[in-house]
Amino acid sequence: MKKFYLFLMGVVSVGAIQAQSFTNSTNLLPTGYNSGGCTGVVDMNNDGLDDIVILDQSTDLKIAYQQANGTFTVSSFGTVSGTEQWGMCIGDVDNDGHKDVLSGGYYDDVHIVDINGPGDFSQDDYAWASIFMQGTNLADIDNDGWLDGFSCHDDGHSAILHNDGTGSMTDGAAMMDLTFYPETNGNDNSGNYGSVWTDFDRDGDVDLFIAKCRQFIDDPYDPRRTNILMVNDGNNNYTEQAQERGLVNLQQSWTSDFADMDNDGDFDVLLTTHSNTLEIYANDGAGYFTNVTAGSGLELAGFYLQAKMADFDNDGFVDLIHAGGSHRFFHNNGDMTFTQVNSVFQNNDTMHSFGVGDLNNDGWLDVYASYGDGYVDPAMANDDQIFINDGGSNNFIYFDLEGTISNKDAAGALVEIHGAWVFKFAKYAMVKVMVSPIKANVILVWVLLQVLIML
């Protein structure tokens with residue numbers, strides 16, 4: 001097998017707070033594309049350069065490979081489906097060192113495109129997992145060294161795809177009981193929108209959080225809109241503990257993200273909702289959460305389709321961007337508060353979705369943005385855009401990780417850096433750098449790992 005390297009980026013020095021700026025550099029692409037809902041940025045071919053994964057028209061898979069000279073060469077990988085895709089994620093399903101693409105839409109099967117390089121690919125379609133897909137991801141659920149799939153279902157039980165050790169998927173329903181609540185009084189365990197696999201309690205195994213949002217269900221206590229936190233006991237036995245841990249918010253939750261917002265060594269939670277504002281929850285260090293949204297600067301309502309936390313100015317604290325019916329950029333002040341920075345991404349329309357990565361290999365995170373109508377319909381009058389980070393004076397550092405006993409993607413890796421640094425906005429002399437399984441969120445390191453789009 002080819003060797004695989006997982007690239008991470010972080011910062012080991014900080015400067016003054018700055019309003020990060022970006023330059024529209026869409027001219028780097030040879031032609032225009034219209035992604036609609038799903039986009040991704042990740043190193044597809046293991047050359048150390050981030051590439052762009054595009055679902056043009058929400059159906060046609062293309063990869064824009066970043067070249068050493070700063071340009072992009074685009075290869076086509078066929079039409080994934082005749083139906084618009086609602087969810088997509090990327091990971092090395094067959095452990096061959098080249099990432100593959102999983103996607104699905106409205107009851108059109110779950111698709112996995114096995115990619116070996118330009119012009120060398122095949123596709124598997126799993127009819128037994130045909131659902132109304134929302135958020136989807138890849139994680140080594142049973143810790144056997146192979147990435148499995150988890151796809152949220154809008155209308156019922158979600159789908160688990162178990163990797164058989166060759167890159168092919170079998171029905172993984174036996175891996176976890178997905179009947180979270182008794183199916184009485186209309187409850188059918190539907191409303192599964194955004195999912196995250198993460199070791200939020202730092203006990204060495206992956207846990208599962210599902211943001212729940214069942215449209216047209218107004219009762220805040222209806223289980224079809226009650227968030228789920230499946231806590232792993234280390235033996236792949238799961239217990240639902242969202243209420244106990246403080247992550248049931250009685251809102252129409254849409255997506256979530258786990259990141260260390262205050263650099264205290266644990267993962268906090270960002271939630272988007274359709275019935276309230278952005279919300280953030282502080283981890284107490286033992287895996288229990290408190291809503292600290294009040295006074296955070298994030299008390300803004302909106303039609304959120306995607307939100308992500310990443311360190312765009314390399315100051316050591318994760319910032320926040322969201323897209324959907326509006327888009328905003330928030331700078332992390334280092335104390336669980338955020339300052340909105342206006343007019344960061346200049347374009348004629350509202351950003352619909354986005355992918356984050358280093359698209360010019362300079363150590364600063366850039367954004368690939370798509371524009372849409374409704375949920376996944378592309379805006380044909382507004383092509384996808386590349387926004388290149390203008391950078392600054394802060395530094396960065398790269399790491400290479402390769403799974404040996406674990407999966408080649410090193411999904412689930414955790415890195416800690418200990419040193420004598422003292423940050424201007426932190427009180428800690430020991431800096432921990434943590435990689436959350438699947439999600440690209442860290443204290444001081446950003447991980448080019450998987451791409452999770454939650455629509």
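Throughout, numbering of the chain's residues begins at 1 and tracks the sequence. Just the heavy atoms: all of them, side chains too, but no hydrogens, waters or symmetry mates, feed the values below.
- Between Asn389 and Gln20, the side chains place a donor N or O and an acceptor N or O closer than 3.5 Å (distance only, hydrogens not considered).
- Defined by atom type and a distance below 3.5 Å, a donor-acceptor pair is missing between the side-chain atoms of Thr226 and Asp222.
- Under the 3.5 Å distance criterion, the side-chain polar atoms of Asn332 are matched with a main-chain donor or acceptor of Met261.
- Considering all non-hydrogen atoms of both residues, Met169 and Tyr126 come closest at N-OH, 3.0 Å.
- In this structure, the side-chain contact (heavy atoms from CB on, under 4.5 Å) partners of Asp51, at least two apart in sequence or on a different chain, are Asp43, Met44, Asn45, Ile63, Tyr65, Gln66.
- At a cut-off of 3.5 Å, with distance as the only test, a side-chain donor of Ser21 or Asp390 sits close to an acceptor on the other residue.
- Distance check, rounded to the nearest 0.5 Å: SG of Cys38 to CD of Glu84 gives 10.0 Å.
- Under the 6.0 Å cut-off for aromatic ring centres, His322 and Tyr304 qualify, their centroids lying closer than that.
- Using a 4.5 Å heavy-atom cutoff, the side chains of Ile388 and Leu359 are in contact.
- Listed for the Asp100 side chain is a donor-acceptor partner under 3.5 Å among the backbone atoms of Val93.
- Counting only heavy atoms from C-beta outward, the side chains of Leu271 and Tyr281 approach each other to under 4.5 Å.
- Checked by atom type and distance alone, the side chain of Asp140 pairs as donor or acceptor with a backbone atom of Asp144 at under 3.5 Å.
- Here the CD-CG distance, from Glu240 to Leu208, works out to 10.0 Å after rounding to the nearest 0.5 Å.
- Defined by atom type and a distance below 3.5 Å, a donor-acceptor pair is present between the side-chain atoms of Tyr238 and Asn232.
- Using a 4.5 Å cut-off on side-chain heavy atoms (C-beta onward), Phe317 and His331 make no contact.
- No donor-acceptor contact under 3.5 angstrom links the side chains of Asn192 and Gln134, judged on distance only.
- Tyr368 and Phe387 have their aromatic ring centers separated by at least 6.0 angstrom.
- For Arg214 and Asp155, the salt-bridge test passes: some basic side-chain N is under 4.0 Å from an acidic carboxylate O.
- How far CE of Met351 is from OG of Ser326: 11.0 Å, rounded to the nearest 0.5 Å.
- Side-chain atoms of Lys308 and Leu320, non-hydrogen and from C-beta on, never get closer than 4.5 Å to each other.
- Going from atom CG of Leu61 over to atom CD1 of Ile115 covers 5.0 Å, rounded to the nearest 0.5 Å.
- Judged purely by distance below 3.5 Å, without hydrogens or angles, the side chains of His162 and Asp142 pair a donor atom with an acceptor atom.
- In summary, the side chains of Asn360 and Asp362 do present a donor paired with an acceptor at a separation below 3.5 Å, with no hydrogens or angles considered.
- Between Asp219 and Arg224 there is no salt bridge, since no side-chain N of the basic residue sits under 4.0 Å from a carboxylate O of the acidic one.
- Of all heavy-atom pairs between Arg328 and Ala301, the closest is NH2-O, 3.5 Å.
- Between Phe345 and Phe22, the ring planes are tilted. Angles from 30° to 60° get that label.
- Cation-pi geometry between Arg245 and Tyr288 is met: under 6.0 angstrom from the ring centre, within 45 degrees of the axis.
- Between Asp313 and Asn394, the shortest heavy-atom distance links the atoms O-ND2, 2.8 Å.
- Using a 4.5 Å heavy-atom threshold, the side chains of Leu300 and Phe330 count as touching.
- Two residues are said to be in side-chain contact when any heavy atoms from C-beta on lie closer than 4.5 Å; Asp373 and His352 fail this criterion.
- When side chains are defined from C-beta on, Leu161 counts as touching Trp128, because their heavy atoms get closer than 4.5 Å.
- Under 3.5 Å, the side chains of Ser353 and Gln306 contain a donor-acceptor pair of N or O atoms.
- Donor-acceptor pairing under 3.5 Å is recorded for the side chains of Gln85 and Ser103.
- If you check the side chains of Thr272 and Thr255, you find a donor sitting under 3.5 Å from an acceptor.
- Between Tyr106 and Trp86, the ring center distance fails the sub-6.0 Å criterion.
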**OP:** For Gln241 and Val231, run side-chain contact (heavy atoms from CB on, under 4.5 Å): C-alpha distance rounded to whole Å, both residues' side-chain angles, the deciding distance at 0.1 Å, then the answer.
**Re:** CA-CA 7 Å; Gln241 299 181 19; Val231 180; 3.7 Å; yes
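- Between Tyr375 and Phe303, a ring centre-to-centre spacing shorter than 6.0 Å is recorded.
- When each of Pro220, Ser190, Cys213 is paired with Arg225, the side-chain contact (heavy atoms from CB on, under 4.5 Å) condition holds for Pro220 and for no other.
- Atoms CD1 and CG, on Ile112 and Asp114 in that order, are 9.0 Å from each other to the nearest 0.5 Å.
- Between Ile210 and Cys152 the shortest heavy-atom distance is CG2-SG, 4.3 Å.
- Contact record, Ser151 with Met133: OG-CE, 3.3 Å, taken as the closest heavy-atom pair.
- A distance-only check finds no donor-acceptor pair linking the side chain of Asp260 to the backbone of Phe267 [under 3.5 Å].
- Shortest non-hydrogen contact noted between Asn283 and Gly287 is OD1-N, 3.1 Å.
- Using a 4.5 Å cut-off on side-chain heavy atoms (C-beta onward), Trp364 and Asp358 make no contact.
- Ring centers of His153 and Tyr193: at least 6.0 Å apart, outside the cut-off.
- No hydrogens or angles considered: nothing links the side chains of Thr277 and Glu299 as a donor-acceptor pair under 3.5 Å.
- Judged by distance alone, the side chain of Thr179 and the main-chain N or O of Tyr181 form no donor-acceptor pair under 3.5 Å.
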